[in-house]
Amino acid sequence: MVEKLTKYCKYLLIALMVLNVLFAILGVARGKESVGIFMVFAYCMLGLTVVAILFAPIYGIIINPKSIKTIGYVLVLVAVIALLAWLISKGSTLSTEYLESMGVSRGQEAFVDFFMMFTYIVVGGTIAAVIYSAVAKLINK
């Protein structure tokens, strides 16, 4: 059953890549008139991404019930990273006058600052994991 799902996912990914290329060519050819079409396509792709994000762990748990422990660890790690990002992002360096001139409230600035810190931590951790993996592979040879 897993092999069938893998085969279907491969075909689905190829179809999505072809659609992306077709929409890119259409966008270049039509210019500014195709912005609305691209927005609809982007929303559809976002919807497919959300479905995949929700389906993959559920399917993994059905196939391998022991994987729920790993999913729990990942959720705890995400919560710890979010807490760390929230603690780091406290405090604003921008003046109230500047924020008002840009039409941004303190709350919006704090929200953006939190998510930027969250993104920086996740990207930094990913880079560190890749470097660690490469070095560990070199050492073990």
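No hydrogens, no waters, no symmetry mates; every other heavy atom, side chains included, goes into these values. All values derive from a computational prediction rather than experimental measurement.
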Q.
Let me confirm one number: the CE-CG distance from M45 to L19, rounded to the nearest 0.5 Å.
A. 7.5 Å

Q: Give, for atom CD1 of I139 and atom OH of Y132, the distance between the pair rounded to the nearest 0.5 Å.
A: 8.5 Å

**Q.** OH on Y120 to CE on M117, rounded to 0.5 Å
**A.** 6.5 Å

**Q.** Spacing of CZ belonging to F118 relative to CZ belonging to F115, to within rounding of 0.5 Å
**A.** 7.5 Å

Q) Does CD1 in I68 sit with more than 12 non-hydrogen atoms of other residues, nucleotides or ligands closer than 6.0 Å? A) no

Q) Does L87 share a hydrophobic cluster with M116, counting links as ILVMFWY side-chain heavy atoms below 4.5 Å and allowing steps through other members? A) no

Q | Main-chain N/O of V122 paired to T126 side chain as donor or acceptor, under 3.5 Å | A | yes

Q: Return yes if some donor-acceptor pair links the side-chain N/O of D113 with the main-chain N/O of E109 below 3.5 Å, else return no.
A: no

Q) Does S133 use its side chain to pair, donor to acceptor, with the backbone of V130 at less than 3.5 Å? A) no

Q.
Run the side chain to side chain contact (heavy atoms under 4.5 Å, CB included) test on I88 and I121 for me, step by step, so that the C-alpha distance in whole Å, both residues' side-chain angles and the decisive distance to 0.1 Å come before the verdict.
A. CA-CA 10 Å; I88 291 172; I121 292 169; 4.1 Å; yes

Q) Can you tell me how far CG of L48 sits from OH of Y43, rounded to the nearest 0.5 angstrom? A) 15.0 Å

Q) With the 4.5 Å side-chain cut-off for hydrophobic clustering, are F111 and I81 part of the same group? A) no

**Q.** Member of I61, V76, I58 meeting the side chain to side chain contact (heavy atoms under 4.5 Å, CB included) criterion with I71
**A.** I61

